[in-house]
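Below, chain A is the first sequence line, B the second, and so on; all start at residue 1.
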Amino acid sequence: MRLSRLPVATQKEAPADAEIVSHQLMLRAGLIRKLAAGIYTWLPMGLRVVRKVERIVREEMDAAGGLELIMPSVQPGKLWRESGRWDFYGPELLRFTDRHDREFCYGPTHEEVITDIARRELRSYRQLPVTFYQIQTKFRDEIRPRFGVMRAREFVMKDAYSFHLDKASLDETYQVMYRAYSAVFERTGLKFRAVEADSGAIGGEVSHEFHVLADSGEDAIAFSNASDYAANVEAAPVPRPSGERAAAGDAMQKVATPGAQSIAEVSDMLSVPPERCLKTLFVCGDNDDVVALVLRGDHELNAIKAAKITGVADPLKMAGAAQVRSAAGAAPGSVGPVGLSCRIYADHAAALASDFVCGANEDGFHFKSVNWDRDLPEPETADLRNARAGDPSPDGQGTLEIARGIEVGHIFKLETKYSEAMQATVLDTGGKSVAMPMGCYGIGVTRVVAAAIEQNHDERGIIWPAAIAPYQIMIVPLNLPKSARVREASEKLYERLQQKGYEVLFDDRDARPGVKFADCDLLGIPVRLVIAERGIDAGTIECKSRREPDPEHIAADELDAYLDSRLGSGSS
RNA sequence: CGGGGCAUAGCGCAGCCUGGUAGCGCGUCUGCUUUGGGAGCAGAAGGUCGGGGGUUCGAAUCCCUCUGCCCCGACCA
């Protein structure tokens with residue numbers, strides 16, 4: 001590709017509404033353009049990256065036995081009524097009617113359609129197991145699209161669905177997909193981690209998310225420093241601590257804490273460390289009541305764990321100030337578990353505290369030297385908090401560290417949720433009709449592109465891993481208009497490298513060197529080859545890897561070896 | 001959905017308070033000079049000031065309204 005023929009110019013400044021670095025760089029480098037909130041055009045340079053990712057995904061899906069198909073993006077509402085999701089899905093589902101006033105939606109996901117396919121095509125256990133997949137544009141009408149294509153409304157996703165005779169077969173395919181996903185992200189050249197995740201509303205079983213590691217990631221993931229264990233923090237269990245509660249000391253005492261609302265303020269005022277200040281959170285119960293959750297001041301409530309407690313509303317909803325006052329008789333900053341009549345659950349660690357501080361349920365007052373069993377009944381205990389760095393790993397090996405991640409893949413077992421609702425059955429070996437257990441496996445293709453940039457960039461621009469770079473090599477001739485030798489040498493090199501199968505950008509513009517270097521860095525092309533009079537005289541080519549600080553001057557006949565070492569063996 | 005903000009040239013912004021026919025930087029085009037890290041000089045093109053309505057002799061500017069976009073919040077004890 002000759003840069004002079006690429007009409008999309010790079011930009012020095014990013015639009016003011018681009019918040020995160022990947023969004024800014026994608027705009028500046030001319031990868032994408034916004035059409036509307038959360039809706040983007042992929043320009044030629046950006047599309048190439050999307051295609052690279054798609055190709056890796058497709059190859060690994062095929063290798064794992066997946067069968068590619070494409071389902072419609074527009075889906076009849078009727079199907080969604082069958083599965084029960086028409087009413088359940090909410091405003092994220094973009095709905096509309098056709099001219100005959102029939103209901104339709106733009107697919108945010110394709111369980112209904114694939115289950116419909118399966119129920120029509122699959123009759124016998126002999127056809128199973130089978131995995132279908134597609135790479136397709138989806139639409140979710142997010143409340144608040146942001147971060148460019150990272151959290152867009154329209155996006156490209158690979159979704160796969162597997163169908164089975166029984167649970168054992170599903171488990172087996174799940175493992176196959178787990179390995180396929182690992183292979184996909186391995187090949188992209190990104191640093192990633194597979195983590196245990198909350199499976200959400202469906203099924204109790206553990207699912208796995210694949211995260212691209214990046215400091216800007218929206219998810220926190222916990223992983224052991226001594227084993228393979230890794231989990232989304234929201235799903236990481238915190239085992240009950242083994243220690244004994246220390247003996248109670250002084251008698252409970254009420255102290256004035258005027259103006260002290262937060263744990264930090266109370267802790268400061270009373271000179272008691274946060275871990276011995278217990279906080280009490282009121283959440284909505286199942287039926288109009290409230291439930292009190294007690295945690296150590298230095299711990300964070302885990303909403304997903306809390307919502308799983310019987311009697312607590314799911315999804316979790318914090319009680320309003322009025323509800324708190326009627327339950328505790330004080331404002332949120334001065335409430336505690338002593339004397340409450342509602343149900344109380346204490347996090348394991350909070351239940352282990354002794355001589356602790358908590359709100360006195362009277363505005364502006366706290367209790368000191370409070371002890372379970374002495375000053376208030378032993379609480380029911382539960383795992384309520386987020387895991388944090390330094391906690392013991394749930395698998396018993398090592399301690400946890402926390403990293404940030406961007407969720408780019410998720411695999412989970414649907415079991416028979418859809419096959420039962422939509423009567424997707426096959427005859428088993430005994431001739432009996434059984435609903436097929438299903439698996440569901442997604443990869444956010446366009447999000448992978450953004451995540452790759454979040455993980456790989458510097459102040460000059462993008463640093464593509466070679467496997468997903470839009471082009472592998474940029475030829476930068478200097479003083480092209482005036483030097484026939486430079487023109488000849490660079491044209492020849494351009495020709496030769498393309499012949500070898502490399503994807504090459506040729507900066508044949510009449511621009512100053514600084515402009516060319518800056519664009520090359522911004523675009524993140526892995527290898528830059530500078531052609532100038534000097535090098536021609538010396539018989540060398542200046543080769544620079546985007547990842548390395550300094551160029552190397554390589555003899556012309558060593559070039560292939562250099563490229564091999566930086567890009568892997570040639571061809572695309 | 002609640003709260004806040006913004007909308008002026010392709011991009012980044014000023015002008016608005018205090019009404020008088022729109023400006024800066026980058027980019028684009030032409031010419032000359034320049035050519036190893038976003039060059040210099042000279043010239044040029046490009047704007048229904050988001051839409052509609054109102055006030056006024058006169059509105060980018062004041063008022064009303066609509067639309068679009070952005071930010072914050074939806075763990076706080």
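We find that A:Arg388 and A:Asp298 are joined by a salt bridge, their nearest charged nitrogen and carboxylate oxygen being less than 4.0 Å apart.
Residue A:Lys34 places no side-chain N or O under 4.0 Å from the OP1 or OP2 atom of B:G10. Side-chain nitrogen and oxygen atoms of A:Arg512 include at least one within less than 4.0 Å of the OP1 or OP2 phosphate oxygen of B:A39.
Among residue pairs with one or both ends in residues 322-335 of chain A, those qualifying as side chain to side chain donor-acceptor pair (under 3.5 Å) are A:Arg325-A:Asp363; sequence neighbours excluded.
The side chain of A:Lys482 has B:U34 as its nearest neighbour among B:U34, B:C26, B:G37. The side chain of A:Arg528 sits closest to B:G37 out of B:G38, B:C70, B:G37. The side chain of A:Glu19 sits closest to B:C71 out of B:C71, B:G12, B:U35. For A:Thr10, whose side chain is taken as the heavy atoms from C-beta onward, the closest listed nucleotide among B:U35, B:G38, B:C75 is B:G38. Across B:G38, B:G25, B:C75, the shortest atom-to-atom separation from the side chain of A:Glu300 is found for B:C75. Side chain of A:Asn386, nearest nucleotide from B:C75, B:G38, B:G12: B:C75.
The stretch residues 262-281 of chain A touches RNA chain B through A:Ser262, A:Ile263, A:Lys279, A:Leu281, each having a heavy atom under 4.0 angstrom from the strand.
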For residues 14-23 of chain A, tabulate all N or O donor-acceptor pairs below 3.5 Å that involve a side-chain atom, not counting sequence neighbours.
unit_1, atom_1, unit_2, atom_2, d
A:Asp17, OD2, A:Lys34, NZ, 3.4
A:Ser22, OG, A:Glu454, OE2, 2.7
A:His23, ND1, A:Gly148, N, 3.4
A:His23, NE2, A:Tyr40, OH, 3.4

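A tilted orientation is assigned to the rings of A:Trp372 and A:Phe356, their planes being inclined by 30° to 60°.
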